[in-house]
Enquirer: 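Here it is, the structure, as structure tokens.
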Amino acid sequence: MEQNLFVYNTLSRKKEKFVPLHPPLVGMYVCGPTVYSDVHLGNCRTYISFDLIFRYLTYLGYKVRYVRNVTDAGHLEGDAGDEGEDKIEKKAKLEHLEPMEIAQKYTIGFREVMQILNILPPSIEPTATGHIIEQIELVKLILQNGYAYEVDGTIYFDVEKYNKTQDYGILSRRNLEDLLANTRDLGGQEEKRGPLDFALWIKAKPGHLMKWPSPWGLGFPGWHLECSAMSNKYLGKQFDIHGGGLDLVPTHHTNEIAQNMAACHTNPAKYWIHTNMLTVNGQKMSKSLGNSFLPHELFTGQNSILNKGYSPMTVRFFILQAHYRSTLDFGNEAMQASEKGFKRLMNAFTLLDKLEASASGEVEIAPLLQRCYDAMNDDFNSPVLIAELFEASRIVNSVYDKSLRIDEKNLSLLKQLMHDFIVDVLGLKNEQAAGDDLPNVMNMIMELRKDAKQNRDYATSDKIREGLQKIGFQLNDGKEGMTWSKL
RNA sequence: GGUCGGAUGGCCGAGUGGCUAGGCAGAGGUCUGCAAAACCUCGUACAGCGGUUCGAAUCCGCUUCCGACCUCCA
């Protein structure tokens, strides 16, 4: 179909034409959450962005295998190599639970949030603990190829040796000298040959709960290893897209590339895609800064920085109104703007079914449709797509008001356009989820009000309208009769 | 401190050499019993200072401010 998709590649820092390695198949790997706490809204932004990408690629007809992992072991507090405590294990000790109980709890919570935000499940959602064998095999391979060394049951990746033949900073565009010059002395790392070396496999200390037997004794895998092992297993040595948050570039993805290069002699992904951060007052949303909040708090409005709650689709719409590579600043004013805008869009989308075609028309939808494609083909530019959908909404409203005529052919094209891009590509859905009987009941009430109006009994007609308003329904008098919507 | 990125109208946000998105808020109008919605019109914004150019918000340089990464972070 449309073969003019351009994708921004972090490797080249340019937009590149998207050409899959094995069309029509597309392999995409996205770094998922570490399940030791609730995901906050900033995390959600990344998964919404990749959901958009997944949806659009699928819409274009590609057969996408989308792998998004769940990290349930190996992610340490402070990346001091082997000195930090496993995040999940730490939490488990605090709450007197099994580590796997922690992982289970937050995995379920994560999936719930994903579903509420209408984020499609990936094709495969592998866990680190489910792939210990694959990770051990990968460590063996890296050792064999001479890019790692063992110190008392812990295996380190030798960054400086790797950089002699490869470019360690290929993704982050930093050279080794600069990196070395800026390394902090964190102490407790005397085992390592170089300050940048990172652990592939870590010896379990006495009392460590999550550990597995390996050729080097009881231990557990390092954080970066799982993604290399699992992407390799499910997508092959080389696949099309590897993604994640921008903050993963300098460490996690840099080390991932080094691991794959050392083991398989190839950069795992052709296109590296990174999503930008969600900010609050210009600052990155993060747990440590204390400016993060949970999706649930946003939906209910129960957080001091929120002046009210916003529906999940409003949140999704808000996020899609910015391009994934730009920072997006969160604010109550911006949320309210999105809430109204989203309502407007969905209102027009609903009205679409009531439109009547004329024998001849004054609008051509084809150019508008092309602009929708153009927007998405330009590195998944959802804000521009949304602007075009508002243009479509204007057409819908004008036709509904009889100030514009549309013929049969263009009307059906318009219907297809709005459905495809709103529902399939943007993944938005109408939340006015009317119960089965509600439309009939509302029609009945509107009949009564119509009669009252015809009898010039405005006291009654206003009473009906105001009464409905109080319980959350808005009546709108139009030329073509009354419509209603949920407030 | 090092590396990188950004500064767009009241707010959020596209764009990136000429045709100056979009949403929200605001002003005026049409419609309406009144509202609401919808439609039409409007505000002529691109941190500052230089430079390149017929022409720059868009390219180059400098300055100021902000942020990200270098500790874990989507």
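Remember, predicted model here, so these are calculated numbers, not experimental data. So you know, we letter chains A, B, ... as the sequences are listed, proteins then strands, and number each from 1.
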Enquirer: With A:Ser288, which residues qualify under side-chain hydrogen bond (donor to acceptor under 3.5 Å, both in side chains), at least two apart?
Expert: A:Ser286
Enquirer: Between the protein and nucleotides 40-46 of chain B, which nitrogen or oxygen pairs come in under 3.5 angstrom?
Expert:
residue : atom : partner  : partner atom : Å
B:C40   : OP1  : A:Arg394 : NE           : 2.7

Enquirer: Could you point out which residue of A:His253, A:His252, A:His274 forms a ring-ring contact (aromatic ring centres under 6.0 Å, His included) with A:His242?
Expert: A:His253
Enquirer: Does A:Lys402 put a side-chain nitrogen or oxygen below 4.0 Å from OP1 or OP2 of B:A38?
Expert: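 Checking A:Lys402 against B:A38: no side-chain N or O falls below 4.0 Å of OP1 or OP2.
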Enquirer: From the options A:Tyr56, A:Phe349, A:Tyr373, select the one residue that forms a ring-ring contact (aromatic ring centres under 6.0 Å, His included) with A:Phe421.
Expert: A:Tyr373
Enquirer: Using atom names, set out every protein N or O paired with an N or O of nucleotides 31-33 of chain B below 3.5 Å, distance rounded to 0.1 Å.
Expert:
residue : atom : partner  : partner atom : Å
B:G33   : O6   : A:Ser461 : OG           : 3.3
B:G33   : N1   : A:Asp462 : OD1          : 3.1
B:G33   : N2   : A:Asp462 : OD2          : 3.0

Enquirer: Taking for each residue the nucleotide of RNA chain B bearing the nearest heavy atom, is the 5' side occupied by A:Asn281 or by A:Asn476?
Expert: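 Its nearest nucleotide lies further toward 5', so the answer is A:Asn476.
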Enquirer: Would you mind checking if A:Lys343 and A:Glu339 are paired as a salt bridge, meaning a charged N to carboxylate O distance below 4.0 Å?
Expert: no
Enquirer: Between B:U3 and B:C62, how far apart are the P atoms? Round to whole Å, please.
Expert: 13 Å
Enquirer: Counting only distance, no hydrogens or angles, is the base of B:C69 paired donor-acceptor with the side chain of A:Arg174 under 3.5 Å?
Expert: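 Side chain to base: pair found, below 3.5 Å.
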Enquirer: Only counting residues at least two apart or in another chain, list the ones meeting side-chain contact (heavy atoms from CB on, under 4.5 Å) with A:Arg449.
Expert: A:Lys453, A:Ser461, A:Ile464, A:Arg465, A:Leu475, A:Asp477, A:Met482
Enquirer: Return the orientation label for the A:Tyr29 and A:Phe239 ring planes: parallel under 30°, perpendicular over 60°, tilted otherwise.
Expert: tilted
Enquirer: For A:Phe473, which residues count as a ring-ring contact (aromatic ring centres under 6.0 Å, His included) partner, sequence neighbours excluded?
Expert: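 Result, ring-ring contact (aromatic ring centres under 6.0 Å, His included) vs A:Phe473: A:Trp484.
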Enquirer: For the P atoms, the ones on B:G51 and on B:C70, what distance do you get once it is rounded to whole angstrom?
Expert: 41 Å
Enquirer: Under 4.5 Å between any side-chain heavy atoms of A:Leu428 and A:Phe317, yes or no?
Expert: yes
Enquirer: Rounded to the nearest angstrom, tell me the gap between atom CD1 in A:Ile119 and atom P in B:A74.
Expert: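 These atoms are roughly 14 Å apart.
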Enquirer: Taking atom C1' in both B:C49 and B:A21, what distance in whole Å separates the two?
Expert: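 Each nucleotide's C1' atom is 29 Å from the other's.
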Enquirer: Quick one, give me the B/S/- string for nucleotides 10-22 of chain B, reading 5' to 3', where B means a protein heavy atom under 4.0 Å from the base and S means that only happens at the primed atoms, P, OP1 or OP2.
Expert: -SSSSS-----BS
Enquirer: Scan every strand shown for a Watson-Crick or G-U wobble partner of B:U3, both distances under 3.5 Å, and answer none if you come up empty.
Expert: B:A68
Enquirer: How long is the line joining CG of A:Leu345 and C1' of B:C24, in whole Å?
Expert: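 Taking atom C1' of B:C24 as the reference, CG of A:Leu345 is at 14 Å.
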